[in-house]
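Below is one structure; the comments refer to it alone.
Computation of the quantities below employed the complete heavy-atom set of this structure, encompassing side-chain atoms and omitting hydrogens, waters and symmetry-equivalent molecules. Throughout, protein chains are lettered first and strands after them, A, B, ... in sequence-line order, and every chain is numbered starting at 1.
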There are 2 protein chains.
Amino acid sequence: MGDRDAKDALFDGFAEVAKALANGRRAEIVDVLAQGERHVEDLADEIDQSVANTSFHLRALAAAGLVVTRRERTRIYYRLASERVGALWEALRDVSAAHHGRIDDLARAYLGERDELEQITRDELALRLDAGEVIVVDVRPEVEFAAGHIAGALSMPIDGLGRRLRHLPEGIEVVAYCRGPYCVFADEAVRLLRRRGRAARRLEDGFPEWRRSALPFEIGVAS
Amino acid sequence: MGDRDAKDALFDGFAEVAKALANGRRAEIVDVLAQGERHVEDLADEIDQSVANTSFHLRALAAAGLVVTRRERTRIYYRLASERVGALWEALRDVSAAHHGRIDDLARAYLGERDELEQITRDELALRLDAGEVIVVDVRPEVEFAAGHIAGALSMPIDGLGRRLRHLPEGIEVVAYCRGPYCVFADEAVRLLRRRGRAARRLEDGFPEWRRSALPFEIGVAS
DNA sequence: TACCTCCTCAAAGAATCTCTTGAATAATTG
DNA sequence: CAATTATTCAAGAGATTCTTTGAGGAGGTA
């Protein structure tokens, strides 16, 4: 009890889990899986890598226990092992944003300048949604909406958003959200809406954070 | 905006921070620094590594922004960049315990069998401490007690605990705590106390978690 | 059974990481 | 100013990681 080798082995164990997140492609995978399960080919497409390499990274995540699988017909679906993994991913992003010198610049390079992009917090959105003062639009792909979305949100994937804007009720502020604080979909949606003269803001983060805050959410396709 | 290379670079940035935790020795350093600042030689001793290697790992942590330094006379003191880093470390331990297949075994090998070791939660301890029903003993080294401890706790470092037991008030349950859930000091203290016929439990985690829960704490040496 | 789809595995080269050794540096002290 | 203390740096050996390529499953379908 309490000897050095055993302590080193234990902390090497923690390090193995950190190692699973210590690769940009695996981080992207976790960010996608935080929205719901996906199969390998789909993930490969999402992170722009070969299926073989994606499979390699998924095995690394699975070996560390961060993801689990299920088979359905010929496909194998991966999902996060639990909400805890999503919370760890959120904590990692928080620390990175606060202390990693270049995250701000990298985020700006990817997302564009966000100065004119107004954000709304989860709590404020929950209040205004409850009061019927806003309409909430989920701009993620439909499969992610189906896996879980903010209660009352409309599914309007960013791809066809321009064509579907006419179906949005007029004269009410729109709040768009997507995967999380570093997801570009909601930014694009808000910019598009504002160009069309609509009042629009983006939720400060995304659906996974909303669900982890125990705010109301629904599962399934639009009614 | 939104292009692949920029996205990869951003997520590589998050991965760099994970990489900083992706080594057992660096994880041990973070666990110690969560208790308060330390200088390099001290840390080298704590993790049983050469000063040069410890310095190397500290630079890796500093490059990722996880730790910052201050100089005092000839020594350089390292500390965690913020509470966020401690929270990330806690999240990593949580995920490891929940999903990494071998953490349980590794923890048992290091800490010994914990079956007969009763634990108490933070919230229950806060209540019982408030009611004056327990006496709380901090068994970490004195320097860590001085950097911050549970309000009302007595400093009784595990090293000389046996000799100082006579100074403990009789007829009241003792709760021991130390650095966190994987710290061996409190386990040793509870076993020692119970061998001497005292009612004793250990706090389920440690001081950093107590402070992050916004429970009452004090800074400075014993009065 | 043969064939198809989806995924995993093995090998291999380039790049990166860990830790040791011994020298260099910065601030303090005599 | 030289000596001392605490820490960092540089170089290198050995291990590990990432990615690609092409082959090898496992399960489902005709």
Classify A60(B) by what it touches in the nucleic acid, base, sugar-phosphate, or nothing, heavy-atom distance under 4.0 Å.
nothing
Heavy atoms only, 4.0 Å cut-off, all strands: where does V51(A) land among base, sugar-phosphate and nothing?
base
Quick note, Q49(A) side chain, CB onward, closest among dC17(C), dC18(D), dT19(D) is dT19(D)
Angle class for the F11(A)/W89(B) ring planes (parallel below 30°, perpendicular above 60°, tilted otherwise)?
parallel
Could you tell me the separation between the CZ atom of R25(B) and the P atom of dC19(C), rounded to a whole number of Å?
6 Å
Within the 4.0 Å heavy-atom criterion, would you say Y77(B) contacts the bases, only the backbone, or no part of the nucleic acid?
nothing
Please work out which of the three classes, parallel, tilted or perpendicular, describes the rings of H149(A) and F145(A), given edges at 30° and 60°.
parallel
What's the closest nucleotide to the side chain of I76(B) if the choices are dC17(C), dT7(D), dC18(D)?
dT7(D)
If you measure from the Lys or Arg side-chain nitrogens to the Asp or Glu carboxylate oxygens, is any gap between D48(B) and K7(A) under 4.0 Å?
no
Within less than 4.0 Å of OP1 or OP2 of dT8(C), is there a side-chain N or O belonging to R59(A)?
no
Between R75(B) and E37(B), does any NZ, NE, NH1 or NH2 come within less than 4.0 Å of an OD or OE carboxylate oxygen?
no
Within less than 4.0 Å of OP1 or OP2 of dC19(C), is there a side-chain N or O belonging to H57(B)?
yes
Which of these nucleotides, dG22(C), dT7(D), dT17(D), is closest to any side-chain atom of H39(B)?
dT7(D)
Residue R73(B), side-chain heavy atoms: nucleotide from dT7(D), dT29(C), dG22(D) that is nearest:
dT29(C)
Is the number of heavy atoms from other residues, nucleotides or ligands under 6.0 Å of E83(A) CD greater than 12?
yes
Quickly work out the K19(A) NZ to dA15(D) C1' distance and round it to whole Å.
11 Å
What is the distance, to the nearest angstrom, from the CZ atom on F56(B) to the C1' atom on dG12(D)?
13 Å
Distance in angstrom units between D12(A) CG and dC19(C) P, rounded:
9 Å
Nearest to the R75(A) side chain among dC7(C), dA6(D), dC19(C), which nucleotide is it?
dC7(C)
Given dG27(D), dC9(D), dC7(C), the nucleotide with the shortest approach to the side chain of R71(A):
dG27(D)
Any side-chain N or O of Y78(A) below 4.0 angstrom from OP1/OP2 of dT8(C)?
yes
Starting at CG of D48(B) and ending at P of dC19(C), how long is that distance when rounded to a whole Å?
12 Å
With DNA chain D as reference, determine whether N53(A) or E72(A) sits nearer its 5' end, using the nearest nucleotide of each.
N53(A)
Pick the closest DNA chain D nucleotide for N23(A) and for E41(B) by heavy atoms, then say which residue is nearer the 5' end.
E41(B)
Would you indicate what S55(B) reaches in the nucleic acid, counting non-hydrogen atoms under 4.0 angstrom: base, sugar-phosphate, or nothing?
base
